[in-house]
> 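Sharing a structure below in structure tokens format, with a few things to ask.
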Protein chains: 2
Amino acid sequence: MALLGGQCLSRTDIENIHEATLNILEDTGVSIGYQPALEAFRKAGARVKGERVYLSRKIVEEKIKEVPVKFTLHARNPEKNITVSRNSFLTAPGYGAPFVTDWNDEKRTASYADFENFAKLAGASKYLSMTGGNLVEPVDISDKIRHVMMQYACIINSDKCFMGSSYGQKKAEDSVKMAQILLGPEHKLDEKPALISLINTITPLVIDERQLGALMEYAKAGQACIVASLAMAGATSPASLAGTLAVQNAEILTGIVLAQIVRPGAPVVFGSTSSITEMKYGSLTIGAPETALIVTATAQMAAFYGIPCRAGGTLTDAKCVDAQAGWESMMNLLTAERSGINFVLHSAGILEYYMSMSYEKFIIDEEMLGMVLRFRRGIDVSSESLPLDMINKVGPGGHFLDQDHTFHTFKKEFWRPDICDRGTYDRWRTEGCLTAKEVAQKKYNNVLAEYQPTVLDPITDRQLKVFIDSL
Amino acid sequence: MALLGGQCLSRTDIENIHEATLNILEDTGVSIGYQPALEAFRKAGARVKGERVYLSRKIVEEKIKEVPVKFTLHARNPEKNITVSRNSFLTAPGYGAPFVTDWNDEKRTASYADFENFAKLAGASKYLSMTGGNLVEPVDISDKIRHVMMQYACIINSDKCFMGSSYGQKKAEDSVKMAQILLGPEHKLDEKPALISLINTITPLVIDERQLGALMEYAKAGQACIVASLAMAGATSPASLAGTLAVQNAEILTGIVLAQIVRPGAPVVFGSTSSITEMKYGSLTIGAPETALIVTATAQMAAFYGIPCRAGGTLTDAKCVDAQAGWESMMNLLTAERSGINFVLHSAGILEYYMSMSYEKFIIDEEMLGMVLRFRRGIDVSSESLPLDMINKVGPGGHFLDQDHTFHTFKKEFWRPDICDRGTYDRWRTEGCLTAKEVAQKKYNNVLAEYQPTVLDPITDRQLKVFIDSL
């Protein structure tokens, strides 16, 4: 019988994947391309041979115990602080796309102006939990200061939490410094973290210098890291999803163990963006049903370890904002929520398997997010919501439109759409036969025209600029 | 904390809704517009006052016990028989739409030619479990023979199971007669049913003569009925979703109790298409997150009673095949599957809150269905799918593309799309920037051009025609 709800693995399946993971960690090992990390593993008692690290069951089990089950990230506006936990469902926009797909489905390289726009859309969003990190890759800014300029754009355009750079130790250090400037010298950043950063492994079984440098820097500073694998089943991991889960698991646990070695209790998130390879082209595909299965399995493995987890998003392989973009994105977002994923990166804007961001898609994904959040809120069952006297009074064949109960209840119970068309067909024609993409275009232009981010105090602003100029 | 997976009601919530339902059944009652039904309720010990029937806890509990937990529907091709059970996930196309939305988003009344086309698409589908019932409402056929002509089109164009007419006792009788002709005089139809029919209540708390006549006829003949409520929260039922669930529940249980009175053990399905009212227009909306909540709650209430259930589908309020049509449809279909809905009507083609059918949407919904079925198949965890030796051999930094395991595994593990675009952006442009709707248009034209239904034997065909001519 099929497993339903938020499950696709039985308890035995989970244990078998865990045992396979331990076997990989002990016998195959993980390649660690960073001397300080090798040193840290060695000191912690791991077997290290050249750049290969082998973790025993004992080290893995001991270090997992140190992982906090929840932690709070601090924003410049304390009302926008967010707590990542085993019960949270937090969201951030798309991350890392080098391109923007425009209204005409033309693709162009992303610019800093795009970055600022997406930061504004995230800041203005009533649903997104944070501003995000590398909203797009602004190639018109030199690599040397791109990381701090992105961070600055996040800070200035939104008072929500944001992410740090994971391009090596030095850039991570810069990110921490900016967070400290932002929150002021009194703020004990290592106890009250501000940043969460994305540490990606290189499947199979490699973590490189840049990512390890950032991971160790953030762990040292008490800032949070998502350790995430992007395995491509059939190419960089076995074509069997179970085999892919074991390889992914080995990589993620290696990163998490390292963070705990650096600083016991360092906040970490168990992450996955793994999916399958489209074998016809040898390329990544993220809108597949197997993606949703991996999201679900990731949530179950993280639950087994008791670590907050990240996976899913409004993921699609579509090249334009069409029906495919809609159905693939909803499948992956709803699956993440229903499976108990706690932090969902890539929750707005993604097209073309992480390659591109779209303004219209960003707005449409926000709409889906609103729907999923309403779903999550569930159904209130109480004496007020079971109005037997009213039902009896209205009786068979009556109607409820003119009841006071209806008037004061629907505003609480019914979610209000911004994009979904719900009128009649005739109204839709009269209003110009607008597609969701067209409605979304209007909305994002309105948001960008009207949005006023909470102003950053000028002294802090100046200090941030001075810091950036000093680089 | 939010309820995850396939749940939105706690056990206490379920019991409270059940108690409220019993209260409605005992104190408010249900209006029953059909003398033979009133008579049957009276004989079974129910309190009847005028057209109002009041059911006691005792009758409800006793009759629910009679409901079979599973039953098999028999097709002209026995390989296409389907078993409806508490574990099944069966699907049928859209039902009852009076319009067809064409390629240019123009809406026109549906014709018999449309009906035949949709029957062919359902017959050709590798995912849909049955041909369906009123695929569209072919208004170019006179009402007198429309029901049998629809049934004939289902029979001739597909060898899968199909639905009977629910427009009153006489038409139900005609449906049963046609099923008997199709399966032959030797087939004990009352023990081995062929038909499943949709009996809709009229919310709040009314069941009319036509639906009751059909329900009683089918129950008598041992054919299956879906007893379904379409409550519009805020208009025909309370704006509180819990209140709507109680009203819906009272209606469905009344129908199910009647079927069991007529024939103990009559096959029935606990059904819902309830949703909320878009208060801005006073109209039905089926793409709402509240729809998905009602789908989930319906699955939970049916599980409480141990009765197979029906809800969900590829439901949308969109007027055209755009992103909204995609995301709303996936939300409702995936929710139905994950919640444990056993039979999903409206699984292909629906646009505009049940008002219209679209050929392109039909194909796109089939694609979603393929994805949801792949999701349902889950993840195989076995020694073969955890190939530790291969992982060890490939090692860190290697790849799996040239492994035999990859080659023979991906064909089993990876679902193959027909519509989803997964190539590169450049390939997509070279191939003409096709949207999912355009790809779907090509596919449905191909299917209609190439599909050859299994030929019905000429004697049976003649007998069916003679029967139709006799009406």
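Each chain gets a letter, A, B and so on, in the order its sequence line appears, and its residues count up from 1. Worth knowing before you read on, the calculation uses all heavy atoms, side chains too, and leaves out hydrogens, waters and symmetry mates.
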> Are the side chains of M355(A) and T424(B) in touch, meaning some heavy atoms are under 4.5 Å apart?
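They are not in side-chain contact.
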
> Would you say the side chain of R338(B) lies within less than 4.5 Å of the side chain of R338(A), judging by non-hydrogen atoms?
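Counting from C-beta outward, R338(A) and R338(B) never come under 4.5 Å.
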
> What part of R427(B) lies closer than 4.5 angstrom to a heavy atom of chain A: side chain, backbone, both or neither?
side chain

> Of the backbone (N, CA, C, O) and the side chain (C-beta and beyond), which part of C433(B) lies under 4.5 Å from a heavy atom of chain A, both, or neither?
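No part of it gets close to chain A.
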
> Go through the atoms of F410(B) and report whether side chain, backbone, both or neither lie under 4.5 Å from a heavy atom of chain A.
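Contact with chain A is through both the backbone and side chain of F410(B).
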
> Near K412(A) NZ, under 6.0 Å, is it more than 12 heavy atoms from other residues, nucleotides or ligands?
yes

> Is it true that D322(A) and K437(B) have a side-chain N and a carboxylate O under 4.0 angstrom from each other?
no

> Of all of T101(A), D380(A), L351(A), T285(A), which one pairs up most often with chain B through heavy atoms under 4.5 Å apart?
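With the most close heavy-atom pairs to chain B, the winner is T285(A).
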
> Got M279(A) and F414(B) here, is their nearest side-chain heavy-atom distance under 4.5 Å?
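M279(A) reaches F414(B) side chain to side chain.
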
> Given that the side chain runs from C-beta out, which part of A20(B) has a heavy atom under 4.5 Å from chain A: side chain, backbone, both or neither?
both

> Under 4.5 Å between any side-chain heavy atoms of S240(A) and P387(B), yes or no?
yes

> Does the pair E278(B)/R416(A) count as a salt bridge with the N-to-O cut at 4.0 Å?
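Result for this pair is yes, salt bridge flagged.
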
> Tell me, side chain or backbone of I391(B) under 4.5 Å from chain A's heavy atoms, or both, or neither?
both

> Donor-acceptor check, side chain of K319(A) to backbone of L434(B), threshold 3.5 angstrom: yes or no?
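Absent.
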
> Taking C-beta and beyond as the side chain, do D421(B) and D317(A) meet within less than 4.5 Å on heavy atoms?
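The answer is no, as the side chains (C-beta and beyond) never meet within the 4.5 Å cut-off.
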
> Quick check on F99(B) against chain A: is it the side chain, the backbone, both or neither that has a heavy atom closer than 4.5 Å?
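Neither part.
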
> Please classify the contact of S385(B) with chain A as side chain, backbone, both or neither, using a heavy-atom distance under 4.5 Å.
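For S385(B), the contact with chain A is made by backbone and side chain together.
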
> Indicate yes or no: at least one non-hydrogen side-chain atom of E413(B) is less than 4.5 angstrom from one of L241(A).
yes

> Which atoms of W428(B) come close to chain A, meaning under 4.5 Å heavy atom to heavy atom: side chain ones, backbone ones, both, or neither?
side chain

> Measuring only between side-chain heavy atoms, which start at C-beta, is T435(A) closer than 4.5 Å to C320(B)?
yes

> Are any of the side-chain heavy atoms of I419(B) and W327(A) separated by less than 4.5 Å?
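Yes, side chains in contact.
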
> Is it the backbone or the side chain of I202(B) that comes under 4.5 Å from a heavy atom of chain A, or both, or neither?
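When you check distances to chain A, no heavy atom of I202(B) falls under 4.5 Å.
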
> What part of K280(B) lies closer than 4.5 angstrom to a heavy atom of chain A: side chain, backbone, both or neither?
side chain

> Report which part of A233(B) has an atom under 4.5 Å of a heavy atom belonging to chain A: side chain, backbone, both, or neither.
both

> Once you round to the nearest 0.5 Å, how far does CG of L293(A) lie from CE of M371(B)?
10.5 Å

> Please flag which part of L245(B) lies under 4.5 Å from any non-hydrogen atom of chain A: side chain, backbone, both or neither.
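Interface part for L245(B): side chain.
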
> Select one option (side chain, backbone, both, neither) describing which atoms of T296(B) are under 4.5 Å from chain A's heavy atoms.
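For T296(B), side-chain heavy atoms alone lie under 4.5 Å from chain A.
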
> What's the shortest heavy-atom distance between G340(A) and L4(B), and which atoms?
CA-CD1, 3.4 Å

> To the nearest 0.5 Å, how far apart are CG in N392(B) and CG in D27(A)?
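If we round to the nearest 0.5 Å, N392(B):CG and D27(A):CG are 6.5 Å apart.
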
> Check this for me, if you would: do R429(B) and E106(A) make a salt bridge, where the nitrogen-to-carboxylate-oxygen distance has to be below 4.0 angstrom?
yes

> Once you round to the nearest 0.5 Å, how far does CG of L386(B) lie from CG of N16(A)?
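Rounded to the nearest 0.5 Å, the CG-CG separation comes to 7.0 Å.
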
> Would you call R422(B) and E328(A) a salt bridge, using N to O less than 4.0 angstrom?
no

> Checking M331(B) against chain A: side chain, backbone, both or neither under 4.5 Å from a heavy atom?
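Looking at M331(B), backbone and side chain both touch chain A.
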
> Taking atom CG as the centre, does D402(A) end up with more than 12 heavy-atom neighbours from other residues, nucleotides or ligands that are less than 6.0 angstrom away?
yes

> Looking at residues at least two apart in the chain, or sitting in another chain, which of them share a salt bridge (charged side-chain N to carboxylate O under 4.0 Å, His left out) with E352(B)?
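So E352(B) forms a salt bridge (charged side-chain N to carboxylate O under 4.0 Å, His left out) with K107(B).
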
> Taking salt bridge (charged side-chain N to carboxylate O under 4.0 Å, His left out) as the definition, give me every residue that meets it alongside R52(B), ordered by chain and number, with sequence neighbours left out.
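None.
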
